[in-house]
Amino acid sequence: MKIILLIIPIVSLIFAALNGRIGDLSESILSKSGEAVELVISICGIMCFWSGLMRVAEKAGLLEKLSKLLSAPLGLLFGGINKGGKAMSLICANIAANILGLGNASTPLGIAAMKAIAEEQQSGEHATNDMIMLAVLNTASLQIIPATAAALRLANGARDPMEILPCVWIVSAYSLFIAVASAKLMSKIKFRKQGEP
């Protein structure tokens with residue numbers, strides 16, 4: 001990744017020099033850098049507001065209640081995990097935090113859940129199907145309030161930054177279904193190949 005991030009500006013500089021547009025490149029770097037700082041500052045407030053609101057929901061016990069509600073359906077997705085164990089409770093908390101849009105809170109929960117799965121299943125250096133499913137659920141998670149997208153829309157002049165909610169819910173539900181179905185299908189294919197003589 002570091003190499004890619006190094007190659008992109010070098011290639012841009014080379015093409016700007018070949019096309020005689022070094023002045024445009026310099027102007028773009030200066031103006032866009034300032035715009036990036038303005039964007040970060042403008043979305044900082046809205047992100048703080050939603051993070052604070054979600055933190056209140058977490059402290060009020062909403063995260064715990066949602067975790068309990070999710071334990072039954074998640075038990076179907078994670079067949080190799082003890083339903084009453086530490087790994088399952090961490091998975092439920094992680095998914096609940098993602099649904100509530102608690103990005104900062106969900107990351108440590110996801111890492112802890114992954115470690116708990118590795119310990120429970122003694123996977124060593126290999127990812128198990130349950131570990132892959134957790135990564136899939138974190139990548140294609142549902143969100144009740146997409147705070148980052150709304151903050152970006154607000155910073156770019158949207159009159160109603162939350163009008164995207166129905167679309168976000170539909171698209172994220174669809175992507176979650178496809179991602180989970182694909183992960184389950186791939187795990188069955190892998191299992192069959194491993195079972196072949």
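What's counted below: heavy atoms across the whole structure, side chains too, no hydrogens, waters or symmetry copies.
- A side-chain hydrogen bond (donor to acceptor under 3.5 Å, both in side chains) check over residues 157-178, counting only residues at least two apart or in different chains, returns the pairs Arg153-Glu163.
- Taking the side chain as every heavy atom from C-beta outward, Val136 and Leu176 never approach each other to under 4.5 Å.
- Proximity of a side-chain donor or acceptor of Asn94 to a complementary backbone N or O of Leu90 within less than 3.5 Å is not detected.
- Residue pairs meeting the salt bridge (Lys or Arg N to Asp or Glu O under 4.0 Å) criterion with at least one member in residues 176-187, sequence neighbours excluded, do not occur.
- To the nearest 0.5 angstrom, Thr128 atom OG1 is 8.0 Å from Met114 atom CE.
- Residues Leu77 and Asp130 have side chains not in contact (no heavy-atom distance under 4.5 Å, counting atoms from C-beta outward).
- For the residue pair Ala87 and Ile81, the shortest heavy atom distance occurs at CB-CG2, 4.0 Å.
- Annotation: salt bridge (Lys or Arg N to Asp or Glu O under 4.0 Å) contacts involving residues 7-34, sequence neighbours excluded, comprise Arg21-Asp24, Lys32-Glu35.
- At a threshold of 4.5 Å between side-chain heavy atoms, the hydrophobic network of Ile, Leu, Val, Met, Phe, Trp and Tyr places Leu13 and Leu5 in two separate groups.
- Grouping the Ile, Leu, Val, Met, Phe, Trp and Tyr side chains by contacts below 4.5 angstrom, directly or via other members, places Leu134 apart from Leu76.
- Side-chain contact between Ile91 and Ile117 is present, with at least one heavy-atom pair separated by less than 4.5 Å.
- Counting non-hydrogen atoms of other residues, nucleotides and ligands closer than 6.0 Å to CD1 of Ile3 gives a total of 12 or fewer.
- Under a 3.5 Å cut-off, the side chain of Gln121 and the backbone N or O of Gly80 do form a donor-acceptor pair.
- At a threshold of 4.5 Å between side-chain heavy atoms, the hydrophobic network of Ile, Leu, Val, Met, Phe, Trp and Tyr places Val171 and Ile164 in two separate groups.
- Leu25 and Ile8 end up in different hydrophobic clusters when Ile, Leu, Val, Met, Phe, Trp and Tyr side chains are linked at under 4.5 Å.
- The minimum heavy-atom distance between Met131 and Ala118, with the atom names listed, is CE-CB, 4.1 Å.
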